[in-house]
Amino acid sequence: MKQNLSLLLCLVLLFGLLTGCAQTAETPAPSESLPVADASQMTEVEEVVQPGMTPISAESLADGSYPIEVDCSSSMFRIDACTLTVQDGKMEAALTMSSQSYLYVYPGTAVDAARADSADYITPVEDGAGSRVFTIPVEALDAGVLCAAYSKNKELWYDRTLCFRADSLPLEAFKPGVIVTPESLALADGTYTVDVTLSGGSGKASVSSPAKLTVEGGVCTAEIVWSSPNYDYMKVGGTQYLPVNTEGNSVFQIPVTVFDRPMAVVADTVAMSEPHEIAYALCFASESIEAAS
């Protein structure tokens, strides 16, 4: 009798241990709570890498420091100016921001930042004008660069994607043979046609292709015919160009500084309630160039 009772107790104890183990294995671990903003806490995310962009690494650039334009996926992360430094096969960007809203940035996602050691956070340095400068590593231009930003007021990390625009760099920033320029094409003076594609904006506008291309003294000028009569000026490299026609769709004559890569331009439209500048990119295909008949 005692043996049977002992055996029964052992079986009950064993069953309890097995049941406890099973419950432990099936019980989910508590979720990780991180100071990271979710989608409902973020403004609209914008796409910063445009169609036709090809990543450019430091190996394609000459050592030096250059001003460069930066597109950000969030309007809340406003960059006032940026300087790209290329040295020994690496790149870094100094982001100048007048806003005092961010305490740190981190090269990666918001989750990565929240889990990282605080010693790895990038803190700003104040310049002489009272702005804050964050210096971050850059793997490639014309590509999405992840950069998490920590909000001082919200005490949350926010995901940001930056795109450093290669088309905003001066031509001397590129090593010889990296990009196709009017000089490298060595086109004889004359009139040609060239295929051109437009990107950026809302996607509603277009330009006529092929476009007329005039070469004089090694300088290439393209005639851009818009699908709308509502553009009153264009900007290329900060220089403003007015329409060359008074009737019909807007027509401009602008310089072409690079082929086979997006060239940044700005076009001002009066179709809205107020004039509005829109950022576009034009890409001229060098292989399509033909002498005009």
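As the structure is a computational prediction, the values presented were derived from the model and not from experiment.
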Common cluster, F134/L141, ILVMFWY with side-chain heavy-atom separation under 4.5 Å: yes
About how many Å separate CD of E216 and OG1 of T221, when rounded to the nearest 0.5 Å? 8.0 Å
Kindly indicate whether the side chain of K152, heavy atoms from C-beta on, has any atom under 4.5 Å from the side chain of Q100. yes
Grouping I, L, V, M, F, W and Y whenever their side-chain heavy atoms are under 4.5 Å apart, do V180 and V258 come out in a common cluster? yes
Do S40 and D38 pair up side chain to side chain, a donor and an acceptor below 3.5 Å, judged on atom types alone? yes
Once rounded to the nearest 0.5 Å, what's the spacing between atom CD of E92 and atom OG1 of T135? 6.0 Å
Just by distance, do the side chain of S74 and the backbone of M76 share a donor-acceptor pair under 3.5 Å? yes
Compare all side-chain heavy atoms of T269 with those of S228 and state whether any distance is below 4.5 angstrom. no
Sidechain-backbone polar pair: S209 side chain, V196 backbone, donor-acceptor under 3.5 Å: yes
Backbone N/O of V270 and side chain of N230: donor-acceptor pair under 3.5 Å: no
To check you understand the geometry: which heavy-atom pair defines the closest contact between V145 and A140, and what is its length? CG2-O, 3.8 Å
Does any part of the side chain of Y192, heavy atoms only, come nearer than 4.5 Å to the side chain of L187, both counted from C-beta? yes
Give the C-alpha distance, both sets of side-chain angles, the deciding distance and a yes or no for side chain to side chain contact (heavy atoms under 4.5 Å, CB included) between L185 and F259. CA-CA 9 Å; L185 289 175; F259 290 85; 3.6 Å; yes
Side chain to side chain, L84 and L61, heavy atoms closer than 4.5 Å: yes
Do D80 and T96 pair up side chain to side chain, a donor and an acceptor below 3.5 Å, judged on atom types alone? no
Supply the atom-to-atom distance S75 OG to E46 CD, rounded to the nearest 0.5 angstrom. 6.0 Å
Nearest 0.5 Å, please: how far is CG in L156 from CG in L34? 10.5 Å
Starting at CG of D127, measure out to CE of M97 and round the result to the nearest 0.5 Å. 12.5 Å
Could you report the tightest heavy-atom contact between M91 and E139, atom names first, then the distance? CE-O, 3.7 Å
Under 3.5 Å, is there a donor on one side chain and an acceptor on the other for S65 and T85? yes
For L213 and C220, work out which heavy atoms get closest and say how close. CD1-CB, 4.0 Å
What heavy-atom pair brings P137 and P107 nearest, and what distance separates the two atoms? CG-CB, 4.1 Å
Check step by step if side chain to side chain contact (heavy atoms under 4.5 Å, CB included) holds for R261 and T54. CA-CA 8 Å; R261 289 186 180 276; T54 302; 3.7 Å; yes
Distance (rounded to the nearest 0.5 Å) between D167 CG and M53 CE: 6.0 Å
Whether D71 and R165 form a salt bridge (side-chain N of Lys/Arg under 4.0 Å from carboxylate O of Asp/Glu) is what I want to check. yes
Side chain to side chain contact (heavy atoms under 4.5 Å, CB included) for Y158 and Y150? Distances and angles first, verdict last. CA-CA 6 Å; Y158 286 80; Y150 186 79; over 6 Å; no
Between V48 and L162, does the side chain to side chain contact (heavy atoms under 4.5 Å, CB included) criterion hold? Intermediate values first, please. CA-CA 7 Å; V48 293; L162 307 178; over 6 Å; no
V194 vs K212 side-chain heavy atoms within contact, under 4.5 Å: no
Taking the side chain as everything from C-beta on, heavy atoms only, tell me whether L95 gets closer than 4.5 Å to I136. yes
If hydrophobic clusters are built by linking Ile, Leu, Val, Met, Phe, Trp and Tyr wherever their side-chain heavy atoms come under 4.5 Å apart, do Y241 and V219 end up in the same one? no
Without swapping roles, check the side chain of D268 against the backbone of D232 for a donor-acceptor pair under 3.5 Å. no
Heavy-atom distance under 4.5 Å between the side chains of T83 and I68, does that happen here? no
Do the side chain of K175 and the main chain of E59 share a donor and acceptor less than 3.5 angstrom apart? yes
Output yes when a side-chain donor or acceptor of N245 lies under 3.5 Å from a complementary backbone atom of N249, and no otherwise. yes
Pair up each side-chain donor or acceptor in residues 275-293 with any protein partner under 3.5 Å, not counting sequence neighbours, and list the distances.
unit_1, atom_1, unit_2, atom_2, d
E277, OE2, Y233, OH, 2.6
E277, OE2, K235, NZ, 3.0
Y280, OH, Y231, OH, 2.9
S286, OG, D260, OD1, 3.2
S286, OG, D260, OD2, 2.7
S288, OG, D195, N, 2.8
S288, OG, A285, O, 2.7

Ring centres under 6.0 Å, that's the criterion: do W157 and Y102 meet it? no
Kindly give the heavy-atom pair with the smallest separation between A58 and K90, and that separation in Å. CB-N, 3.8 Å
Of all the heavy-atom pairs spanning A143 and V49, show the shortest one and how long it is. C-CG2, 3.8 Å
Y104, Y106: one ILVMFWY side-chain cluster at the under-4.5 Å cut-off? yes
Would the distance check show the side chain of S250 and the main-chain N or O of P229 forming a donor-acceptor pair, the cut-off being under 3.5 Å? yes
Heavy atoms, side chains only, cut-off 4.5 Å: are V251 and P243 in contact? no
Are V138 and V133 linked, directly or through other ILVMFWY residues, by side chains that come within less than 4.5 angstrom of each other? no
